[in-house]
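This report refers to the structure that appears directly beneath it.
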Amino acid sequence: MSVPENALTNHEVTVCLSGGAILGPYNATWSRDEGGDVRELVREYDGYLQGEKQHRFKFHLHDAYTNTVHTLILNFDQVTGICDHVRLKSPLNK
């Protein structure tokens, strides 16, 4: 199944911290035309795990369901994992 790059995707993001604490899950929506840092959060953390220096610390997750924004300020030294569960729109539900 191919999803267009500008398609709206609905994410459920959970952040696991050192010591066992969990942040989330947060609903977040991303598309090329609508803001949100959900994909950048995952990309930045993936780069950090591969040895890159953390460049960003603040991420805004836009929740289209409740029309709110979750702001996460994270030090990746304290993050043990990020789960990004993505619900893709079905081609039949355009």
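Side-chain atoms are counted along with the backbone in the values below, which use heavy atoms only and exclude waters and symmetry mates.
Taken to the nearest 0.5 Å, the CD atom of Glu12 stands 10.5 Å off from the CG atom of Asp63. The CZ atom of Phe76 sits 11.0 Å away from the NE2 atom of His55 when rounded to the nearest 0.5 Å.
When the side chains of ILVMFWY residues are joined at heavy-atom separations under 4.5 Å, either directly or via intervening members, Leu72 and Ile22 end up in two distinct hydrophobic clusters. Linking ILVMFWY side-chain heavy atoms closer than 4.5 Å, directly or via other members, places Leu17 and Ile82 in a single hydrophobic cluster. Each of Val69 and Phe57 belongs to its own hydrophobic cluster when Ile, Leu, Val, Met, Phe, Trp and Tyr are linked at side-chain heavy-atom distances under 4.5 angstrom.
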Given the rule in the side chain to side chain contact (heavy atoms under 4.5 Å, CB included) test, do Tyr45 and Val79 qualify, once you have shown the distances and angles that lead to the verdict?
-> CA-CA 9 Å; Tyr45 186 62; Val79 174; 3.6 Å; yes
Before giving the answer on side chain to side chain contact (heavy atoms under 4.5 Å, CB included), spell out for Phe59 and Ile73 the whole-Å C-alpha distance, their side-chain angles and the decisive distance to 0.1 Å.
-> CA-CA 6 Å; Phe59 300 90; Ile73 301 172; over 6 Å; no
Apply the test side chain to side chain contact (heavy atoms under 4.5 Å, CB included) to residues Leu41 and Val13: give CA-CA distance (whole Å), side-chain angles for both, the deciding distance (0.1 Å), then the verdict.
-> CA-CA 10 Å; Leu41 169 61; Val13 178; 4.1 Å; yes
Quick one: do His11 and Thr29 satisfy side chain to side chain contact (heavy atoms under 4.5 Å, CB included)? Show the steps, please.
-> CA-CA 6 Å; His11 299 250; Thr29 305; over 6 Å; no
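Asn67 CG: 12 or fewer foreign heavy atoms inside a 6.0 Å radius.
Without hydrogens or angle criteria, Asp37 side chain to His60 main chain gives a donor-acceptor distance under 3.5 Å. Remark: the backbone N or O of Val15 is not paired with any side-chain donor or acceptor of Tyr26 at under 3.5 angstrom. No donor-acceptor distance shorter than 3.5 angstrom exists from the side chain of Glu44 to the backbone of Gln54, with no hydrogens or angles considered.
Side-chain atoms of Leu23 and Leu74, non-hydrogen and from C-beta on, do get closer than 4.5 Å to each other.
The two residues Asn27 and His70 make their nearest non-hydrogen contact at O-CD2, 3.6 Å.
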